[in-house]
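Working notes for the structure below.
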2 protein chains.
Amino acid sequence: MMPFQEMAKLNKLIHEPARLAIMSALEACSMAEFLFLQELTGLTKGNLSSHLSKLERAEYLLINKNYIRKKIPQTTIQITHEGEAALRAYWKQLDRIREVTKQWQKTSF
Amino acid sequence: MMPFQEMAKLNKLIHEPARLAIMSALEACSMAEFLFLQELTGLTKGNLSSHLSKLERAEYLLINKNYIRKKIPQTTIQITHEGEAALRAYWKQLDRIREVTKQWQKTSF
DNA sequence: TTTTTCGATTTGATTTGCAAACTAGTTTAA
DNA sequence: TTAAACTAGTTTGCAAATCAAATCGAAAAA
C-alpha cells in the first residue's frame with residue numbers, strides 16, 4: 001500500500017495527542033495514580049477521565065479504584081501488555097511509513 | 001515542559017492522519033492534481049476536498065483551479081514554504097518529544 | 001434527448017474532544 | 001453542628017471535526 005494511504009489510516013485511538021501522551025507516560029511509569037498522570041499530561045480531570053475510559057474499553061489500560069483508609073478514592077492506572085504492544089506497533093508503523101515516504105520521493109519521479 | 005504535556009498539544013492541523021498524508025504526499029511531489037492526490041492518499045473526494053480547504057485556510061497549501069480547454073476543471077495543489085516548514089517542524093517536534101520521553105524513563109525514577 | 005461520466009464541492013449524520021457542571025465524600029471553620 | 005471549602009474523579013452539553021453520500025455543472029455517450 002502507498003505510504004500515504006497507510007498514514008491516512010493510522011490507529012486513531014493511540015494517535016490522538018492526549019491519548020498518545022497518556023500511553024507514553026504509562027509506558028514509562030508502568031503504573032501511575034490518576035492525579036500524577038494528570039500532572040504529567042497537563043490534561044484536565046474531565047478529559048483525562050474520558051480518555052482513560054476509552055483506552056480501558058480497548059483493553060490498553062487497567063484501571064483500579066482503591067480507597068485510602070476506606071474513604072478517599074485513589075485510582076491507579078496500568079498499561080496492559082496489549083497496550084504496550086499497540087503503542088510499540090504504532091511507533092513502528094509510523095517510522096516505517098516515514099522511511100518509505102523518503103524512498104518514494106527519490107524513486108517515483 | 002514535560003514531554004507528555006507537549007505530546008498532548010501537538011499541531012492538530014497537521015497531526016490529523018488524512019492531512020498528514022496529504023502534506024507528506026505534497027512534500028514529495030511539490031505539485032499534484034486533485035485526482036492524483038486522491039489516488040495517493042486513498043481518501044474520498046469529499047474528504048480530500050474538505051481537508052484541502054482547511055490546509056489552504058492555514059496557508060499550508062496553494063490551490064489552483066484550472067480548466068482544460070476552458071471546460072474540464074483541473075485542480076492543482078502545491079505545498080507552500082510555510083506548509084513545508086510546518087511539516088518539518090511537526091516531525092522535528094515529534095522526534096524531540098520521543099527522545100525526551102526515553103530520557104525521562106531512565107532518569108525520573 | 002436522456003443518461004452517464006467526470007471533477008470536484010456541499011450537505012448531513014455521527015463521532016470527538018473539551019470545559020464546565022456535577023457527585024460523593026472529607027476536612028476545616030464558625 | 002452545620003455550612004463552606006476542598007478532594008478525587010465522572011458526567012454532561014455542545015461546538016467542532018470527520019466521513020460518506022448527495023449534489024453540482026459541464027461534457028461525452030447512447
Side-chain angles (χ1 to χ4, degrees), chain A residues 4-26 31-58 60-78, chain B residues 4-23 25-26 29 31-58 60-78:
Chain A
F4 312 113
Q5 291 187 29
E6 281 189 76
M7 210 173 260
K9 284 173 185 162
L10 282 163
N11 176 349
K12 284 190 186 163
L13 187 60
I14 290 194
H15 187 69
E16 204 284 324
R19 288 190 293 265
L20 191 55
I22 292 170
M23 294 292 283
S24 302
L26 284 169
M31 166 154 348
E33 291 164 22
F34 185 94
L35 293 176
F36 180 50
L37 202 52
Q38 194 200 345
E39 205 183 318
L40 288 181
T41 58
L43 296 167
T44 61
K45 290 176 185 183
N47 292 340
L48 179 54
S49 176
S50 62
H51 285 304
L52 288 177
S53 296
K54 275 190 194 174
L55 293 167
E56 187 186 27
R57 244 172 283 145
Y60 287 176
L61 302 183
L62 240 127
I63 299 181
N64 217 291
K65 279 162 226 245
N66 302 305
Y67 291 86
I68 296 176
R69 299 200 315 279
K70 313 236 176 198
K71 295 297 182 175
I72 298 169
Q74 197 202 37
T75 302
T76 59
I77 302 119
Q78 292 172 75
Chain B
F4 313 113
Q5 291 187 28
E6 285 187 72
M7 210 173 259
K9 284 173 186 161
L10 281 165
N11 177 349
K12 285 187 186 165
L13 188 60
I14 292 194
H15 187 69
E16 204 285 323
R19 288 190 294 266
L20 192 56
I22 293 171
M23 293 291 284
L26 285 170
C29 295
M31 165 153 350
E33 290 163 23
F34 185 93
L35 292 176
F36 180 51
L37 202 52
Q38 195 201 345
E39 205 183 317
L40 288 182
T41 58
L43 295 168
T44 62
K45 290 176 186 184
N47 294 339
L48 178 56
S49 178
S50 62
H51 284 306
L52 287 177
S53 296
K54 273 190 197 176
L55 292 167
E56 189 187 25
R57 243 172 283 145
Y60 286 175
L61 302 183
L62 238 125
I63 299 181
N64 217 291
K65 279 162 228 246
N66 302 305
Y67 290 87
I68 298 174
R69 300 199 314 281
K70 312 238 175 198
K71 295 297 182 178
I72 298 169
Q74 196 201 38
T75 302
T76 59
I77 302 118
Q78 292 172 74

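Owing to the predicted nature of the structure, the values given are computational and were not obtained by experimental measurement. Lettering of chains follows the sequences in order, A, B, ..., and the numbering in each one begins at 1.
In this structure, the side chain of B:H15 engages the main chain of A:H15 through a donor-acceptor pair within 3.5 Å. A:Q5 places no side-chain N or O within 3.5 Å of a backbone atom of B:L43 that could act as its donor or acceptor partner. In this structure, the side chain of B:E33 does not engage the main chain of B:L35 through any donor-acceptor pair within 3.5 Å. With hydrogens and angles ignored, the 3.5 Å screen pairs no side-chain donor or acceptor of A:S49 with any backbone N or O of A:K45.
Of the side-chain N and O atoms in B:K65, none sit less than 4.0 angstrom from OP1 or OP2 of C:dG7.
The stretch residues 13-25 of chain A does not touch DNA chain D, since none of its heavy atoms comes less than 4.0 Å from the strand. Near DNA chain C, meaning a heavy atom under 4.0 Å away, the residues from residues 41-55 of chain A are A:T44, A:G46, A:N47, A:H51, A:K54.
Residue A:N64 contributes atom CG, which lies 15 Å from atom C1' of D:dA8 at whole-angstrom precision. Straight-line distance from the OH atom of B:Y67 to the P atom of D:dA26: 9 Å, rounded to whole Å. Atom pair B:E39:CD and C:dC6:P shows a separation of 14 Å (rounding to whole Å applied). One atom, NZ of A:K12, and another, P of D:dA17, lie 14 Å apart when rounded to the nearest Å. One can place CD of A:Q38 at 9 Å from P of D:dG9, the figure rounded to the nearest angstrom. Note: CD (B:E56) to C1' (C:dT9) measures 13 Å, nearest angstrom. Rounded to whole Å, the distance from CD on A:Q74 to C1' on C:dT26 is 15 Å. One atom, CG of A:L10, and another, P of D:dT18, lie 14 Å apart when rounded to the nearest Å.
Taken to the nearest 0.5 Å, the CG atom of B:N66 stands 5.0 Å off from the OG1 atom of B:T76.
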Nucleotide-level pairing of DNA chain D, given in dot-bracket where Watson-Crick and G-U pairs need both distances under 3.5 Å and | marks other strands
||||||||||||||||||||||||||||||
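Mapping A:A8 and A:L35 onto DNA chain D by nearest heavy atom places A:L35 at the nucleotide closer to the 5' end.
Nearest approach of B:L13 to B:R19, heavy atoms of both residues: O-NE, 2.7 Å. Residues B:H51 and B:I22 share a closest heavy-atom pair of CB-CD1, 3.6 Å.
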